[in-house]
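What follows is a short report on a single structure.
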Amino acid sequence: MSIRSAVTVSLVPEATGGPFVFWHDLPGAARQARQLGFDAIEIFPPGPEALAHDTLRSLLDHHGLRLAAMGTGAGWVRQQLQLCHPDAARRQQARDFVRRIIDLAGGLGAPAIIGSMQGRWGGELSKADALQWLAEGLEELGRHAAQFSVPLLFEPLNRYETNLVNTVSDGLALVQRLETGNVRLLCDLFHMNIEEIDVAEALRLAGNWVGHVHFVDSNRRPAGCGHLDYRPIVRALRDIGYSGYASAEALPWPDSIGAAAQTMAAFRRWIRPQSE
Ligand code: LER
Ligand code: MN
C-alpha cells in the first residue's frame with residue numbers, strides 16, 4: 001500500500017498562528033482538500049463535543065475523504081490538561097478528554113494524537129514521575145483505542161514545546177515499555193529537524209513503530225519551502241514499509257490554499273512517484 005496524503009485543519013481559535021494549513025471552516029477545508037487531490041484531512045478540534053459523528057461522517061463521505069487523525073492538543077491549549085500532571089484528578093481529566101476524542105475519531109476509523117498533552121516535568125514533578133504518569137495514561141488510552149482497530153499516536157516534540165520526550169529514540173523507549181503494543185509514534189519532520197542527528201536514520205530506527213508522519217519543512221512552512229532534503233527521508237519511509245499518511249501540519253504560508261497546493265506538489269514530486 002502506498003503513502004497517502006492529508007492536510008490539517010484547525011478549529012481552535014486559541015491556536016491561531018499555529019502550524020495548521022486550514023483554519024476554522026471545516027466544510028471549506030474539506031472542499032479545498034478534495035479539489036487539490038488530498039486523500040484525507042486531519043482535524044484539530046477544540047474538544048470532543050465540538051463535532052458530531054454524523055455530521056463529520058457525511059462531510060467526509062460527500063467529498064470522498066478519509067479522516068487521517070484527530071489532535072488532542074486543545075486540552076492543553078484551552079484547559080492546561082496534561083497526562084503527566086502530578087494531581088490525580090487533573091490527570092484523570094486529561095485522560096477523559098483524550099478518551100472522548102479517541103471515541104469520536106475511532107468511530108470514523110482514525111487515531112487520536114498525543115502531542116502537547118504529554119505535558120512537561122519541573123518544579124515538584126520529577127522527570128521520572130512525569131514519564132511514569134504519562135506511560136500509565138498511554139497504556140490505558142492505547143488499550144481504549146484498540147477497540148476501534150486504530151492505534152493511539154504519540155508525538156515527540158522539540159525542546160521548545162516540551163522537556164519530556166523530544167526524540168524518536170526517547171519516544172521508542174516510552175512506547176516499547178508499555179504492555180499494549182497499540183501506541184505508535186507520530187514523526188513530525190519539523191520537530192525531528194531540530195532534535196534528530198539524522199532524520200532519515202531516526203525513521204529507520206523507528207521502523208514499524210511509525211504510525212503517522214507530519215509532512216512539513218525545516219521552518220514549518222509547507223514541504224519544499226525550507227531546507228529539508230526529502231529524498232533520503234522518503235527512501236527511509238519506503239524501506240521501513242511505511243503506508244500511513246504524510247499529513248501537512250504546516251504554517252498556512254503564503255496562505256492556506258497556497259500551502260495546501262505546495263504540499264500536494266511536494267507530495268507528488270517526492271512521495272507519490274516512488275510509492276506507487
Ligand atoms: C505541535 O508542535 C505539533 O506538532 C502537534 O502535532 C502536536 O499536537
Ligand atoms: Mn506535529
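All figures in this text were calculated on a predicted structure; none of them were measured in a lab. Whatever order the structure lists ligands and atoms in, that order sets their numbers, starting from 1. Below, all heavy atoms of this structure are taken into account, side chains as well, without hydrogens, waters or symmetry copies.
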- Using the benzene-type ring in the case of Trp, are the ring centres of Tyr230 and Phe215 under 6.0 Å apart? yes
Tell me whether [X] is salt-bridged to [Y], with the criterion being a basic N under 4.0 Å from an acidic carboxylate O.
X	Y	value
Arg31	Asp25	no
Arg99	Asp96	yes
Glu249	Arg220	yes

- Item | Heteroatom N/O/S of His214 within less than 2.8 Å of the Mn ion (ligand 2) | yes
- Query: For atom 1 (C) of ligand 1, what's the nearest protein heavy atom and its distance?
  - Reply: Glu161 OE1, 3.2 Å
- Got the closest protein heavy atom to atom 7 (C) of ligand 1, with its distance? Glu155 OE1, 3.0 Å
- Message: For a 4.5 angstrom cut-off between non-hydrogen side-chain atoms, does Phe154 reach Val165?
- Response: yes
- Can you find a pair of side-chain heavy atoms, one from Phe190 and one from Pro19, that are under 4.5 Å apart? no
For ligand 1, which atoms, with element, lie under 4.0 Å from some heavy atom of [X]?
X	value
His214	6 (O)
Arg220	1 (C), 2 (O), 3 (C), 4 (O)
Asp188	4 (O)
Gly115	7 (C), 8 (O)
His191	1 (C), 2 (O), 3 (C), 4 (O)

- Opening angle between OE1 in Glu249 and OD2 in Asp188, taken at the Mn ion (ligand 2), to 10 degrees: 90°
